[in-house]
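Shown next, in structure tokens, is the structure this report addresses.
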Amino acid sequence: MPDSPMPDHGDHGDHDDVAFLRDRWRAALLGARGTDTDPDSGPDPDPYAENLLTRWSEPHRRYHTRTHLTAVLTHVDTLQAYADDPQLVRLAAWFHDAVYAPDRSENEERSARLAERALPESGLTPEATAEVARLVRLTVTHDPADGDRNGEVLCDADLAILAAEPDAYAAYAAAVREEYAFVPDEAFRAGRADVLRQLLALPRLFRTEYGAAHWEPRARENLTTELELLT
């Protein structure tokens with residue numbers, strides 16, 4: 001997700017959540033490798049899952065947590081028919097906020113570089129690795145090119161929190177504020193308001209047909225309400 005006071009997902013799941021996410025990682029990686037019918041034919045996926053889960057569980061995270069990761073993966077499931085390669089989109093979801101420090105501006109680039117190091121070791125082809133890294137970098141702008149089906153699915157899944165029910169949206173906004181606790185209130189309110197105005201000025205927040213139909217209206221209501229509260 002963007003590193004300025006910007007939309008994104010979260011909290012810290014229990015052991016069942018961790019087991020669920022381990023299974024999701026294994027399925028995505030083996031599917032992307034083409035070894036899902038023979039899981040022992042390549043490197044063990046589990047150490048990579050543990051490294052990523054440790055990153056997603058860092059104590060400074062309030063929104064960009066395992067709950068956010070689970071939500072993005074669930075939204076990718078909803079949108080998978082729109083993607084050219086849903087498994088690569090799922091891997092990109094795992095890496096897109098794997099490196100996250102709210103006071104740094106290069107989180108997406110560092111996350112993409114992590115993917116470029118880890119995925120070849122885990123048995124992914126150079127072409128597939130490059131696509132995952134490209135998708136991770138796309139979350140800087142959430143502005144996929146026309147026809148970028150994988151990019152559209154990842155960006156829509158990442159921004160789907162904007163279309164949450166009002167209480168869930170308010171909890172998301174509060175968690176984002178907690179992540180930026182080091183920013184003074186006045187500066188945060190001004191920066192956040194600028195981001196909300198930029199989002200509202202976009203002709204479309206969501207690029208997939210499903211996202212446009214099911215998430216766009218509620219997202220614009222939520223963004224407008226938050227902007228009014230801020231200003």
Open item on the list: Here's one to test your reading of the geometry: is the NZ or CZ of Arg61 within 45 degrees of the ring axis of Tyr100 and under 6.0 Å from its centre?
Closed with: no

- [ ] Could you walk me through whether Arg26 and Asp23 pass the side-chain contact (heavy atoms from CB on, under 4.5 Å) test, one step at a time?
- [x] CA-CA 5 Å; Arg26 172 176 282 270; Asp23 290 343; 5.6 Å; no

TODO: Only pairs at least two apart or in different chains count here, so list each ring pair (Phe, Tyr, Trp, His ring centres under 6.0 Å) that has a residue in residues 212-231.
DONE: His75-Trp215, Phe206-Trp215, Tyr210-His214, Tyr210-Trp215

- [ ] Assess the pair Trp56 and His96: is the distance between their ring centroids shorter than 6.0 Å?
- [x] yes

- [ ] Please confirm whether the backbone N or O of Tyr180 pairs with a side-chain atom of Arg177, one donor and one acceptor, at under 3.5 Å?
- [x] yes

Open item on the list: To the nearest 0.5 Å, what is the distance between CG on Asp148 and CG on Leu154?
Closed with: 9.5 Å

- [ ] Find out whether Glu226 and Asn222 are in side-chain contact, i.e. whether some heavy atom of one side chain is under 4.5 Å from a heavy atom of the other.
- [x] no

Task: Heavy-atom closest pair, residues Ala112 and Ala133 - done: CB-O, 3.8 Å

TODO: In sequence, state the C-alpha distance, the side-chain angles, and the governing distance for Arg137 and Glu108, and then conclude on side-chain contact (heavy atoms from CB on, under 4.5 Å).
DONE: CA-CA 6 Å; Arg137 291 184 172 101; Glu108 292 86 359; 5.7 Å; no

Open item on the list: Using side-chain contact (heavy atoms from CB on, under 4.5 Å), reason through Trp94 and Val72 one step at a time and then give a plain yes or no.
Closed with: CA-CA 9 Å; Trp94 272 91; Val72 175; over 6 Å; no

Open item on the list: Keeping Arg189 on the side-chain end and Leu230 on the backbone end, is there a donor-acceptor pair under 3.5 Å?
Closed with: yes

Task: Test item: Leu29 and Gln87 side chains (from C-beta on) under 4.5 Å apart, heavy atoms - done: no

TODO: Could you check Leu124 against Thr129 for side-chain contact (heavy atoms from CB on, under 4.5 Å), going step by step and ending with a plain yes or no?
DONE: CA-CA 6 Å; Leu124 218 61; Thr129 297; 3.7 Å; yes

TODO: For the pair Glu152 and Arg207, find out whether any cationic side-chain nitrogen is under 4.0 Å from an anionic carboxylate oxygen.
DONE: no

Task: Asp77, Thr70, Thr74 screened by side chain to side chain donor-acceptor pair (under 3.5 Å) with Arg24, the one that passes - done: Asp77

- [ ] Give a yes or no on whether a salt bridge exists between Arg117 and Glu121, defined as a side-chain N under 4.0 angstrom from a carboxylate O.
- [x] no

Open item on the list: Taking the basic N atoms (NZ, or NE/NH1/NH2) and the acidic carboxylate oxygens, is any pair closer than 4.0 Å for Glu131 and Arg134?
Closed with: yes

Open item on the list: One thing to verify: whether Asp85 and Arg90 come together as a salt bridge, which I'm taking to mean a side-chain N less than 4.0 angstrom from a carboxylate O.
Closed with: no

- [ ] Mind listing the closest non-hydrogen atom pair of Arg220 and Thr224 along with its distance?
- [x] O-OG1, 2.8 Å

Task: Side-chain donor/acceptor of Asp84 to backbone N/O of Arg149, under 3.5 Å - done: no

- [ ] Measure from the side-chain N and O atoms of Ser111 to the backbone N and O of Val99, and report whether any donor-acceptor pair falls under 3.5 Å.
- [x] yes

TODO: Measure from the side-chain N and O atoms of Asp97 to the backbone N and O of His64, and report whether any donor-acceptor pair falls under 3.5 Å.
DONE: no

Open item on the list: Quick check: closest heavy atoms across Ala92 and Val136, and the distance to 0.1 Å?
Closed with: O-CG2, 3.8 Å

Open item on the list: Within this structure, what is the CD-CG distance for the pair Glu109 and Leu114, rounded to the nearest 0.5 Å?
Closed with: 11.5 Å

Open item on the list: Quick one about Thr139 and Asp158 (side-chain donor to acceptor, distance below 3.5 Å, no hydrogens or angles considered), yes or no?
Closed with: no

Task: Shortest non-hydrogen separation from Ala168 to Ala164 and the atoms involved - done: CB-CB, 3.8 Å

Open item on the list: Grouping I, L, V, M, F, W and Y whenever their side-chain heavy atoms are under 4.5 Å apart, do Leu229 and Phe188 come out in a common cluster?
Closed with: no

Open item on the list: So Leu162 and Tyr172, do their side chains get closer than 4.5 Å, heavy atoms only?
Closed with: yes

- [ ] Hey, could you give me the CG/CG distance between Leu138 and Asp143, rounded to the nearest 0.5 Å?
- [x] 7.5 Å

Task: Listed partners of His60 passing ring-ring contact (aromatic ring centres under 6.0 Å, His included), at least two apart - done: none

Task: Nearest-0.5 Å distance, CG of residue Leu30 to OG1 of residue Thr35 - done: 4.5 Å

- [ ] Please name the pair of heavy atoms, one in Thr231 and one in Ala193, separated by the smallest distance, quoted to 0.1 Å.
- [x] CG2-CB, 4.2 Å

Open item on the list: Is there a side-chain contact between Arg218 and Pro166 in this structure, where contact means two heavy atoms from C-beta onward sitting under 4.5 Å apart?
Closed with: yes

- [ ] Assess whether atom CD of Glu178 is packed by more than 12 heavy atoms of other residues, nucleotides or ligands within 6.0 Å.
- [x] yes

Task: More than 12 heavy atoms from other groups under 6.0 Å of CG on Asp38 - done: yes

Open item on the list: Tell me whether Glu216 contacts the main-chain N or O of Leu205 through its side chain, where contact means a donor paired with an acceptor under 3.5 Å.
Closed with: yes

Task: Asp17 side chain to Arg66 backbone, donor-acceptor under 3.5 Å - done: no

Task: Point-to-point distance, once rounded to the nearest 0.5 Å, from OG of Ser57 to CG of Leu21 - done: 9.0 Å

TODO: With sequence neighbours left out, write down each residue that passes ring-ring contact (aromatic ring centres under 6.0 Å, His included) with Tyr48, or none if nothing qualifies.
DONE: none

Open item on the list: Could you report the tightest heavy-atom contact between Leu196 and Tyr169, atom names first, then the distance?
Closed with: CD2-OH, 4.2 Å

Task: Side-chain touch Pro86/Val153, heavy atoms, less than 4.5 angstrom - done: no

Task: Between CZ on residue Arg113 and CZ on residue Arg110, distance to nearest 0.5 Å - done: 9.5 Å

